[in-house]
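First up is the structure itself, then whatever we jot down about it.
Note: hydrogens, waters and symmetry copies are ignored here, and every other heavy atom, side chains too, is used. Worth saying up front: this structure is predicted, and the values here are computed from it rather than measured.
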Amino acid sequence: MGATEHEVDERENEGGARRMDDGKKEERVRDLEKGEVRRSNDVVDDDDDDDVENVAHGHGHGGDHEEFNLSRFHRLNPTNPLRIVINSSTRVAKPSPPTQSQRSHTHTRSIPTPQPIPPPIQTPQPPSPPSPPQERQQPVTLNSRRYTNRISLFIFALHQLLAIALVCFLVFKGIQGLTQQESDSVKRKEKNVLKFFLPQVEAATFMSIILAFIWQGAIRKWPTFMVHFILWFTFVMSLAAGILLICFQRAPTDGVGVCFIAFAIGNGLYGCWISHRIKFCCKILTLSLQPMSKFSDLNRPTYHMLAVGFLWISLWILAVIGALNFYFPPLVIIALVLSLAWTTEVMRNVVNITVSRVIALYYLRGMQSSTQFCFLRALTRNLGSACLGSLFVPTIEALRIVARGLNLLEGEDEFMFCCARCCLGVMESIFRNGNSWAYVQIAAYGRGFVMASQETWSLFEKEDMVQIVDADITSSICFLTGVCSGSMCVIVVASWTRTVHQSFTATLSLLTFFIGYLLTRIAMAVPHACVSCYYVCYAENPENRLFDKTIRDRQALLKTGREVVVPTPRGLRRYTTRS
């Protein structure tokens with residue numbers, strides 16, 4: 001019995017010791033759950049580390065306590081160091097020494113936190129090649145304040161100063177020749193010019209201005225009828241002028257008459273060639289003239305330019321008379337003619353830019369801008385582009401005529417073939433860098449002439465409108481209107497001069513034709529600008545509610561082949577297909 005009781009007591013003692021050990025273990029786990037730690041001289045005891053490690057791996061001190069209730073750890077805070085140790089299943093490194101603030105707020109030691117996993121080492125990528133520097137894009141604004149094409153503006157201003165000085169000097173020489181008694185031949189010649197030359201020129205100038213307003217008003221009121229009328233009435237008037245001059249039976253008048261008849265024949269052939277384009281041209285002209293009713297003062301710049309043109313031509317003809325009393329009269333007169341041509345062309349383009357800005361702002365922004373403000377802007381900031389275009393665009397139009405003629409040549413002549421290739425290559429470059437459509441963007445955005453030409457042509461290519469604008473005959477109609485006015489002036493002046501001073505007939509016929517053409521083109525710049533704005537603004541925003549489906553339907557017809565358009569030759573399309 002004694003031995004048995006002794007064994008029972010030992011077992012009870014062992015069971016009590018085990019319960020005490022279990023109680024200590026549970027108490028230590030509760031301390032760890034609360035995150036409370038002991039701090040002893042900033043050193044972690046080895047026993048505590050062993051306990052934490054055993055708890056993390058689910059082991060106790062003895063083999064009998066390998067089973068451990070893990071449900072307690074699911075209630076741990078995710079930020080609790082013990083939870084982090086369990087999830088990572090790694091040994092915890094010793095913590096860094098606590099800061100001064102931590103020492104002041106707690107007297108317990110910190111459980112070490114795991115070190116952050118270093119990011120993966122990335123292999124260095126080879127540096128990418130630097131991108132080419134892009135051109136600085138200028139902000140698109142409708143109120144640009146910079147002057148365009150300043151070099152052209154300076155050259156034109158210098159030319160105008162020299163022209164005014166030359167005209168004043170030649171007028172003085174003319175007066176001097178009339179008052180001096182030294183040379184009777186010069187005095188008699190100048191008197192004949194004043195008596196039989198000056199009145200016809202003034203009458204032709206006045207007649208041209210009246211005809212210009214008649215043509216413009218008729219086109220605005222009856223656009224469809226006037227396109228057909230101008231096309232064939234010009235043929236009749238130029239043919240009549242040529243026949244009349246030949247009937248005078250003088251060598252100078254016969255030569256001028258033959259030129260008029262040749263032009264009339266070409267005009268008739270051209271009218272037959274473009275007969276299939278007239279319907280679409282009339283429709284576009286009708287649509288483009290509709291915004292003019294919203295601007296009652298849109299013709300005011302035309303009035304100003306024609307008045308200035310009348311005064312300048314009156315002084316100019318006096319300078320021509322004075323050139324007879326100066327050295328090299330033919331060269332001086334040729335210089336005066338070229339100066340007059342450039343000046344009147346600049347006047348026409350000033351009207352063109354003014355109307356283009358008014359109409360373009362209406363299409364692009366729905367604005368009804370002031371015509372006077374646009375006119376002042378065209379006379380100042382955009383005058384350089386008008387001067388450059390006045391030199392460039394007539395050359396383009398002349399080369400277009402030459403290119404069309406060469407395109408119609410047939411045969412195997414190698415020389416003509418090479419000339420055609422050269423001319424058409426030049427035309428390709430010219431049409432991309434300088435065209436009459438540029439005045440819309442010059443007026444709207446204040447771009448230079450070359451940049452505006454390139455941007456406009458790029459818009460046409462983007463919207464697949466090159467074939468349509470190439471086939472447009474509005475510029476041809478305006479050109480023929482000027483020719484018609486000039487031919488009518490020739491008929492009147494030649495008949496008048498034939499009766500008073502026959503020797504001046506040929507000279508006055510050419511001069512009055514030139515004046516009639518130039519002044520009429522100034523007035524015809526208004527409908528031309530309206531049509532240009534319609535095409536360019538449509539190319540910029542085809543979805544604008546101010547445009548209908550006229551151009552879109554035309555494009556569909558051209559794509560399906562139901563409408564055939566003979567384009568203006570601008571490249572080597574025809575000759576590259578020949579073997």
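If you check the side chains of Ser453 and Trp437, you find no donor sitting under 3.5 Å from an acceptor. Side chains of His304 and Thr302: no donor on one and acceptor on the other come within 3.5 Å. Asn349 and Tyr439 form a side-chain donor-acceptor contact under 3.5 Å, judged by distance and modelled atom types alone. Donor-acceptor pairing under 3.5 Å is recorded for the side chains of Asn433 and Gln454. Side-chain N/O atoms of Ser476 and Tyr270 include a donor and acceptor closer than 3.5 Å. Between the side chains of Asp472 and Tyr535, at least one donor N or O lies within less than 3.5 Å of an accepting N or O. The closest side-chain donor-acceptor pair between Ser339 and His159 falls under 3.5 angstrom. Using modelled atom types and a 3.5 Å distance limit, the side chains of Ser314 and Glu202 yield a donor-acceptor pair. Between the side chains of Thr371 and Asp297, at least one donor N or O lies within less than 3.5 Å of an accepting N or O.
Between the side chain of Trp316 and the backbone N or O of Leu340, no donor-acceptor pair lies under 3.5 Å. Under the 3.5 Å distance criterion, the side-chain polar atoms of Glu345 are left unmatched by any main-chain donor or acceptor of Ser390. Remark: side-chain polar atoms of Thr253 are paired, donor with acceptor, to backbone N or O of Arg250 under 3.5 angstrom.
Note that CZ of Arg150 and CG of Leu388 are 15.0 Å apart. Values are rounded to the nearest 0.5 Å. Distance check, rounded to the nearest 0.5 Å: CD1 of Ile359 to CE of Met292 gives 7.0 Å. How far CG of Leu158 is from CG of Leu153: 11.0 Å, rounded to the nearest 0.5 Å. Put simply, OG on Ser436 and CZ on Phe392 are 12.0 Å apart, with the number rounded to the nearest 0.5 Å. Here the OG atom belonging to Ser369 is positioned 5.5 Å from the CZ atom belonging to Phe295, to the nearest 0.5 angstrom. Atoms CG and CZ, from Leu245 and Arg498 in turn, are 11.0 Å apart once rounded to the nearest 0.5 Å.
Side-chain contact between Thr481 and Thr234: absent, with no pair of heavy atoms (C-beta onward) separated by less than 4.5 Å. Within the 4.5 Å cutoff, no side-chain heavy atoms of Thr344 are placed close to those of Arg348. A heavy-atom distance below 4.5 Å is not found between the side chains of Leu518 and Ile313. You'll find the side chain of Leu364 reaches within 4.5 Å of the side chain of Tyr445, heavy atoms only. Using a 4.5 Å cut-off on side-chain heavy atoms (C-beta onward), Phe225 and Cys282 make no contact. You'll find the side chain of Leu244 stays beyond 4.5 Å of the side chain of Val490, heavy atoms only. Residues Glu455 and Met451 are in side-chain contact: their nearest non-hydrogen atoms beyond the backbone lie under 4.5 Å apart. In this structure, Leu289 and Ile219 have side chains that are in contact, with non-hydrogen atoms separated by less than 4.5 Å.
Considering every non-hydrogen atom in both Ala452 and Ile442, the closest pair reads CB-CG1, 3.7 Å. Closest heavy-atom contact between Asn382 and Ala443: OD1-CA, 4.3 Å. Val346 and Cys387 get closest at one heavy-atom pair: CG2-CA, 4.0 Å. When all heavy atoms of Cys478 and Arg521 are compared, the closest pair comes out as O-CD, 3.3 Å. The two atoms that bring Ala240 and Ile491 nearest to each other are CB-CD1, 4.1 Å, heavy atoms only. Of all non-hydrogen atoms in Arg447 and Thr148, the two that sit nearest each other are O-CG2, 3.6 Å.
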Between Ser356 and Cys533, is a side chain to side chain contact (heavy atoms under 4.5 Å, CB included) present by the stated rule, with each step listed? CA-CA 6 Å; Ser356 295; Cys533 287; 3.8 Å; yes

Please step through side chain to side chain contact (heavy atoms under 4.5 Å, CB included) for the pair Phe280 and Ile468, ending with a clear verdict. CA-CA 10 Å; Phe280 180 73; Ile468 294 178; 3.8 Å; yes

Could you go through the side chain to side chain contact (heavy atoms under 4.5 Å, CB included) check for Phe233 and Leu480 one step at a time? CA-CA 9 Å; Phe233 191 67; Leu480 292 177; over 6 Å; no

Can you check side chain to side chain contact (heavy atoms under 4.5 Å, CB included) on Arg300 and Phe375, steps first, answer last? CA-CA 9 Å; Arg300 189 172 297 173; Phe375 180 53; over 6 Å; no

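Other residues, nucleotides and ligands contribute more than 12 heavy atoms inside 6.0 Å of the NZ atom of Lys173. More than 12 heavy atoms of other residues, nucleotides or ligands lie within 6.0 Å of CZ in Arg381, so this atom counts as buried by the packing criterion. The number of heavy atoms from other shown groups lying within 6.0 Å of CD (Gln502) is above 12. Counting non-hydrogen atoms of other residues, nucleotides and ligands closer than 6.0 Å to CH2 of Trp232 gives a total above 12. Enclosure of atom CG in Leu161 by more than 12 non-hydrogen atoms of other residues, nucleotides or ligands within 6.0 angstrom is indicated.
Residues Phe504 and Phe196 place their aromatic rings such that the two centres sit no closer than 6.0 Å. A centroid separation of 6.0 Å or more is found between the aromatic rings of Tyr538 and Tyr363.
For the pair Arg220 and Trp222, the NZ or CZ position fails the cation-pi test of under 6.0 Å to the six-membered ring centre and within 45 degrees of the ring normal.
Between Trp215 and Phe229, the two ring planes are tilted [angle within 30° to 60°]. Between Phe513 and Tyr517, the ring planes lie parallel to each other; the angle is under 30°, not in the 30° to 60° tilted range.
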